[in-house]
A.B. asks: 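Before anything else, here's the structure in question.
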Amino acid sequence: MSSVVVIGTQWGDEGKGKIVDFLAEQANVVVRYQGGNNAGHTVVVNGAEFKLHLLPSGILYSRKTCVVGNGVVIDPAVMLKELKSMQDKGIDTSGLKVSNRAHVIMPYHRLLDEVEEESRGDRKIGTTKRGIGPCYMDKNSRAGIRMVDLMDEEEFCEKLEYNLEAKNHLLKAVYGVEGFDYEQVKQEYLEYARQLKPYVTDTAAVLHAAIKNNEKVLFEGAQATLLDLDHGTYPYVTSSHPIAGGACIGAGVGPTQINKVIGVVKAYTTRVGEGPFPTELQDEIGQTIRERGHEYGTTTGRPRRCGWLDACVVRYAGYVSGIDYMAITRLDILDGLKTLKICTSYKYKGEILNEFPASLKVLAQVEPIYEELPGWDEPTSDIRKYEDLPLNARRYIERLSETSGIGIGIVSVGPGREQTIILENMF
Ligand code: IMP
């Protein structure tokens with residue numbers, strides 16, 4: 001048995017898609033376990049760029065089983081569109097398995113995401129407006145519609161009617177907007193059901209069989225630690241559990257069946273949406289990193305806030321997910337910067353904080369304590385061996401490893417599959 005979970009350690013967009021894609025080559029099964037099409041992975045294969053939002057990155061390889069687990073919320077229109085775009089590029093999508101227990105994003109979830117966000121005013125979260133939060137709300141309030149319901153016309157119609165009555169009332173009475181027509185939504189979704197039916201199954205059973213059969217299973221986290229509903233910078237978080245433990249609930253496997261956890265760390269920090277960000281750079285260096293790293297959202301196109309590497313964040317991510325190794329990405333983006341900084345601790349009201357603060361008021365006021373390290377001039381994107389990296393690049397990475405207490409497993413120096421330096425075998 002060999003199963004590996006890959007998660008983001010920061011606020012998302014660490015380059016998990018590239019690492020997952022790289023590891024997927026060795027895996028038999030690739031699984032998404034939370035989130036929905038709020039995620040965005042850009043993967044480059046032989047110079048061709050693929051943008052994935054909902055399908056597991058493993059879909060780009062033929063003969064892999066790709067699971068969308070019960071913890072994912074599925075917008076059927078998006079899933080079908082993504083499937084079609086893959087099929088148009090000649091990619092075999094027959095290995096896709098979609099959980100019958102996954103919840104379905106409905107049109108009212110998308111509209112509620114928008115109007116609720118608008119009504120928050122200054123307190124807005126900066127959501128992707130894909131209906132993710134409202135869909136998880138329905139799941140938790142036990143009103144949601146699951147794939148298994150969508151596949152059963154009678155069950156679906158009954159749940160849709162009940163939900164539309166409540167949601168249309170809420171939309172009109174609280175937000176003053178028109179709701180949705182039952183017949184129209186019903187017809188639209190029954191057509192999605194017809195097209196998705198071949199993929200829908202009990203994916204926990206699929207995984208159980210794969211693990212029993214000694215297959216290699218790769219769990220692909222979306223979003224990241226600080227966007228986790230429980231462990232992130234609440235309320236500026238997503239509504240699911242991107243941490244490694246989320247894989248157990250979101251895929252239906254036990255903790256004893258996970259062998260290794262890999263935390264993806266971008267060589268600097270970025271964040272989209274609102275919320276405190278202690279190492280944020282609002283100067284020219286931040287701008288340089290944004291432009292060089294094309295730090296604009298894959299899903300929404302929004303410019304990402306950029307800042308120095310924060311080892312306090314990585315250390316925290318390390319223990320809430322039990323990370324074995326880091327996969328450090330985008331090191332090449334820092335080539336040519338004269339000096340680099342790593343935040344190794346936070347000071348608050350004159351005292352060093354030992355733990356990552358739960359209070360956002362505190363996080364917004366902490367003073368990052370930096371260590372300055374010399375940069376490197378040499379380009380790193382063509383380097384394939386760790387010992388060939390410039391000495392200062394290695395020092396930078398090793399200092400992160402020392403201060404976060406997590407070993408280095410992979411270093412990525414560009415978007416291509418070949419631009420990957422391996423220090424530890426993951427499977
Ligand atoms: P939601 O997931 O659309 O509800 O958005 C909640 C928060 O998570 C917002 O700050 C989003 O910008 C952020 N978020 C959601 N998905 C991603 C992602 O894939 N990368 C980075 N941030 C994300």
Side-chain angles (χ1 to χ4, degrees), residues 6-20 32-43 51-57 71-75 78 82 103 105-106 108-120 122-140 220-243 246 250 263-266 268-277 280 290 293-307 313 317 329-330 360 363-364:
V6 176
I7 57 142
T9 57
Q10 297 151 313
W11 276 286
D13 311 309
E14 293 92 352
K16 290 179 297 293
K18 137 111 198 213
I19 300 299
V20 169
R32 264 201 66 179
Y33 58 86
Q34 45 71 228
N37 60 312
N38 47 349
H41 290 164
T42 307
V43 183
K51 286 191 195 298
L52 297 167
H53 296 283
L54 193 52
L55 299 178
S57 305
V72 176
V73 286
I74 298 171
D75 188 324
V78 173
E82 225 162 87
H103 280 246
I105 297 181
M106 304 297 294
Y108 46 81
H109 292 138
R110 286 192 300 266
L111 185 56
L112 279 166
D113 203 354
E114 242 173 71
V115 294
E116 281 172 356
E117 190 66 350
E118 266 160 37
S119 77
R120 286 185 189 113
D122 288 350
R123 302 175 81 94
K124 76 173 195 289
I125 294 166
T127 75
T128 58
K129 299 187 180 165
R130 300 297 192 262
I132 308 295
C135 186
Y136 279 115
M137 275 169 71
D138 274 357
K139 175 176 176 173
N140 280 289
E220 166 180 356
Q223 291 88 43
T225 306
L226 293 185
L227 293 173
D228 185 279
L229 184 59
D230 274 65
H231 300 282
T233 45
Y234 189 91
Y236 300 103
V237 291
T238 192
S239 305
S240 65
H241 295 290
I243 64 161
V264 184
V265 183
K266 183 145 63 177
Y268 46 93
T269 314
T270 59
R271 167 160 214 187
V272 277
E274 308 301 315
F277 176 179
E280 183 167 12
R290 182 175 309 112
H294 308 292
E295 292 293 355
Y296 294 88
T298 316
T299 302
T300 59
R302 290 180 288 180
R304 295 178 185 143
R305 299 154 69 192
C306 297
V313 164
T329 59
R330 317 214 81 190
L360 289 205
L363 190 66

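The first residue of the sequence shown is numbered 1, and numbering continues consecutively from there. All ligand and atom numbering here is 1-based and tracks the order in the structure.
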A.B. asks: Going through the checks in order, is the salt bridge (Lys or Arg N to Asp or Glu O under 4.0 Å) test met by Arg304 and Asp13?
C.D. replies: CA-CA 9 Å; Arg304 295 178 185 143; Asp13 311 309; 3.3 Å; yes
A.B. asks: Can you sort out the partners of Tyr268 under ring pair (Phe, Tyr, Trp, His ring centres under 6.0 Å), two or more places apart, ordered by chain and number?
C.D. replies: none
A.B. asks: For atom 3 (O) of ligand 1, which protein heavy atom lies nearest, and how many Å away is it?
C.D. replies: Thr128 OG1, 2.6 Å
A.B. asks: Which residue from Asn38, Ile132, Leu227 reaches closest to atom 14 (N) of ligand 1 through any of its heavy atoms?
C.D. replies: Leu227
A.B. asks: Identify, with sequence neighbours excluded, every residue that meets side-chain hydrogen bond (donor to acceptor under 3.5 Å, both in side chains) alongside Asp113.
C.D. replies: Thr127
A.B. asks: Looking only at protein heavy atoms, identify the closest one to atom 12 (O) of ligand 1 and say how far it is in Å.
C.D. replies: Arg302 NH2, 3.1 Å
A.B. asks: Hey, is Ala39 one of the residues with a heavy atom under 4.0 angstrom from ligand 1?
C.D. replies: yes
A.B. asks: Would you mind telling me which of Arg290, Arg302, Arg271, Arg330 makes a side chain to side chain donor-acceptor pair (under 3.5 Å) with Glu295?
C.D. replies: Arg330
A.B. asks: Between ligand 1 and Val237, can you find any atom pair, the residue atom being a heavy atom, that is separated by under 4.0 Å?
C.D. replies: yes
A.B. asks: Does ligand 1 have an atom that lies less than 4.0 angstrom from a heavy atom of Arg130?
C.D. replies: no
A.B. asks: Which option wins on minimum heavy-atom distance to atom 11 (C) of ligand 1: Gly126, Gly12, Gly273?
C.D. replies: Gly126
A.B. asks: Any idea which part of Thr300 is under 4.0 Å from ligand 1, heavy-atom wise: side chain, backbone, both or neither?
C.D. replies: neither
A.B. asks: Applying a heavy-atom cut-off of 4.0 Å, say which part of Thr127 lies close to ligand 1: side chain, backbone, both or neither.
C.D. replies: both
